[in-house]
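Below is one structure, written out as structure tokens, with a few remarks after it.
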Amino acid sequence: MKVFNFNAGPAMLPASVMERAQKEFCNYNNTGCGIFEHSHRGAAFQAVLDKTNQNIRDVYGVPENYDIVYIQGGASMQFAMIPMNLMQGAADFVDTGTWSSKAMKEAKAFGEVRLAASSKETKYDHIPDFSEWKLSDDASYVHITSNNTIYGTQYRTFPKTKAPLIADMSSDIMSRRVNVADFGMIYAGAQKNLGPSGLALVIIRKDLVERTPANVPTMLRYSTYTENDSLYNTPPTFGIYMIGLVTDWLKEIGGMEAIEKMNEEKAALLYNAIDASNGYFSTPVKKDSRSLMNVVFRLPTEELEAKFIKMATENGMIGLKGHRSVGGVRASIYNAMPREGVEKLVDLMENFRKNN
Ligand SMILES: *Cc1c(COP(=O)(O)O)cnc(C)c1O
């Protein structure tokens with residue numbers, strides 16, 4: 001049976017990418033060995049790195065005054081690296097869920113963490129309206145989480161801020177068009193929309209890299225990565241190679257415009273099924289904050305939720321259990337999830353509602 005993987009992360013990658021990686025696994029480009037058996041300083045890997053950087057620059061529209069680097073430790077390591085390098089006194093944070101809170105927690109060790117806005121009081125069911133944000137004049141940066149993987153909320157637009165805007169885009173990176181120039185830095189753990197886990201993609205404006213205090217260790221300084229093209233030490237070569245394949249795929253299917261349209265359509269199928277169910281399925285998320293990547297919903301009882309998730313698994317739809325902190329159902333429909341998988345889930349929802 002064909003399995004559709006709705007896991008929140010690590011998540012599925014495009015089938016064609018997985019097949020290409022398999023084909024090249026033992027013999028990359030007729031070199032007689034796999035890409036991750038190659039020296040990171042050899043021509044084969046350098047070509048992979050150059051291509052991957054160029055793909056990201058082209059597909060995502062990254063301007064020349066931004067560097068693209070890969071850093072081990074995932075998005076969580078960035079929670080610490082950002083304040084360590086860029087915080088000069090105080091920074092503003094918008095708290096839209098678990099990941100925002102974790103970023104704030106790390107920053108407290110390096111300066112004053114100011115809460116500019118939060119949706120905590122309503123259980124993180126929306127993105128706070130920009131008009132309510134209390135931004136400070138002397139903030140080093142403003143930190144946001146563009147898509148809240150656990151609560152299923154997403155920024156539809158981004159605010160213009162005086163201080164550089166830094167976005168954790170772990171769960172919606174390269175899923176839609178963004179104007180990179182509106183941000184000081186964009187970062188993302190790779191395992192949702194880009195490739196395997198264990199590394200973060202960091203897109204950082206060149207001038208910010210110069211802020212780092214002298215006492216920050218080499219491996220935790222952004223400049224170590226930007227000045228050495230991510231090759232100061234041995235980078236996660238296999239992960240970078242996989243991001244290369246995923247961005248090749250994005251290019252082939254028509255780039256950000258095409259993937260954005262596909263993602264909007266997939267999400268609409270699910271939200272329409274929820275809205276048309278007369279309250280049988282319901283989502284706590286406010287309409288204008290609904291995530292196109294993580295669709296969270298509830299059934300009338302927890303028993304029915306468990307039965308629904310079990311039935312989905314039996315029908316080849318896995319990974320639908322909501323995060324352990326919130327319960328319910330969560331369908332993660334990142335770039336790689338084909339429309340067919342979403343249609344199958346919607347069919348199951350309709351049949352389940354009729355019979356339960
Ligand atoms: C998954 C996720 C993270 C954590 O990523 P790691 O690579 O496991 O550190 C952080 N932020 C968001 C928004 C996420 O979805």
Side-chain angles (χ1 to χ4, degrees), residues 5-13 69-84 93-107 113 117-120 124-128 141-156 158 165-176 178 183 185-204 219-220 225 230 235-236 238-240 242-243 246 263 267 285 289-296 319-326 330-337:
N5 175 359
F6 290 90
N7 270 307
M12 69 173 295
L13 293 177
V69 294
Y70 311 88
I71 304 181
Q72 304 183 37
S76 300
M77 173 103 117
Q78 291 309 306
F79 295 164
M81 263 182 87
I82 293 164
M84 208 181 264
F93 289 77
V94 178
D95 182 14
T96 51
T98 311
W99 297 115
S100 312
S101 310
K102 286 192 170 171
M104 290 164 66
K105 177 171 170 261
E106 293 301 306
V113 169
S118 170
S119 50
K120 190 175 183 176
Y124 297 121
D125 63 349
H126 69 287
I127 304 297
Y141 55 84
V142 181
H143 183 275
I144 63 169
T145 313
S146 61
N147 183 73
N148 297 278
T149 324
I150 295 173
Y151 294 94
T153 63
Q154 187 178 27
Y155 285 72
R156 294 263 66 81
F158 295 101
L165 185 62
I166 299 185
D168 175 0
M169 290 198 187
S170 292
S171 50
D172 67 351
I173 184 103
M174 297 187 93
S175 69
R176 54 174 168 170
V178 299
F183 299 87
M185 172 177 155
I186 291 171
Y187 67 102
Q191 67 273 23
K192 280 103 185 195
N193 254 337
L194 295 175
S197 62
L199 74 159
L201 168 66
V202 172
I203 301 172
I204 184 166
M219 284 299 287
L220 295 170
Y225 297 84
S230 304
F238 190 67
I240 293 169
M242 289 299 291
I243 296 176
V246 169
N263 287 331
V285 177
S289 300
R290 286 175 168 183
S291 169
L292 305 188
M293 297 280 102
N294 309 96
V295 179
V296 300
L320 284 160
K321 204 169 176 343
H323 190 267
R324 60 186 187 277
S325 62
V326 295
R330 170 175 54 175
S332 297
I333 50 171
Y334 302 121
N335 287 355
M337 173 59 67

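We use all heavy atoms of the structure for the numbers below, so side chains are in, but hydrogens, waters and symmetry mates are not. Ligands are counted one by one from 1 in listed order, and the atoms in each one are counted from 1 as well.
Counting heavy atoms from C-beta on, the side chains of M219 and Y225 come closer than 4.5 Å.
With respect to atom 1 (C) of ligand 1, the closest heavy atom belonging to the protein is K192 NZ, 1.3 Å. Looking at atom 15 (O) of ligand 1, its nearest protein heavy atom turns out to be T149 OG1, 2.4 Å. Distance from atom 9 (O) of ligand 1 to its nearest protein heavy atom, with residue and atom name: S76 OG, 2.6 Å. The closest protein non-hydrogen atom to atom 11 (N) of ligand 1 is D168 OD2, 2.7 Å.
No side-chain donor-acceptor contact under 3.5 Å links T96 to the backbone of I127.
The line from CD1 of I82 to CE of M185 is 4.0 Å long, rounded to the nearest 0.5 Å.
At a heavy-atom distance under 4.0 Å, no atom of M77 approaches ligand 1. At a heavy-atom distance under 4.0 Å, only side-chain atoms of T145, from C-beta outward, approach ligand 1. With a 4.0 Å heavy-atom cut-off, ligand 1 is reached by no atom of Y187.
Legend: residues meeting salt bridge (charged side-chain N to carboxylate O under 4.0 Å, His left out) with D125, ordered by chain and number and at least two apart, are K286.
Residues N148 and T153 bring a donor and an acceptor atom of their side chains to less than 3.5 Å of each other.
Considering backbone and side-chain atoms together, A75 places an N or O closer than 3.5 Å to an N or O of ligand 1.
The two residues L194 and V246 have their closest heavy-atom pair at O-CG2, 3.2 Å.
For ligand 1, the atoms closer than 4.0 angstrom to any heavy atom of N147 are 13 (C). Shown in contact with S171 at under 4.0 Å from a heavy atom are these atoms of ligand 1, numbered in order with element: 15 (O). Every atom of ligand 1 with a heavy atom of Q191 under 4.0 Å away is listed here by number and element: 5 (O), 6 (P), 7 (O), 8 (O).
If you run side-chain contact (heavy atoms from CB on, under 4.5 Å) between S171 and each of T145, I150, N294, only N294 comes through.
Judged as a salt bridge (charged side-chain N to carboxylate O under 4.0 Å, His left out), not a single pair has a partner in residues 71-82 (not counting sequence neighbours).
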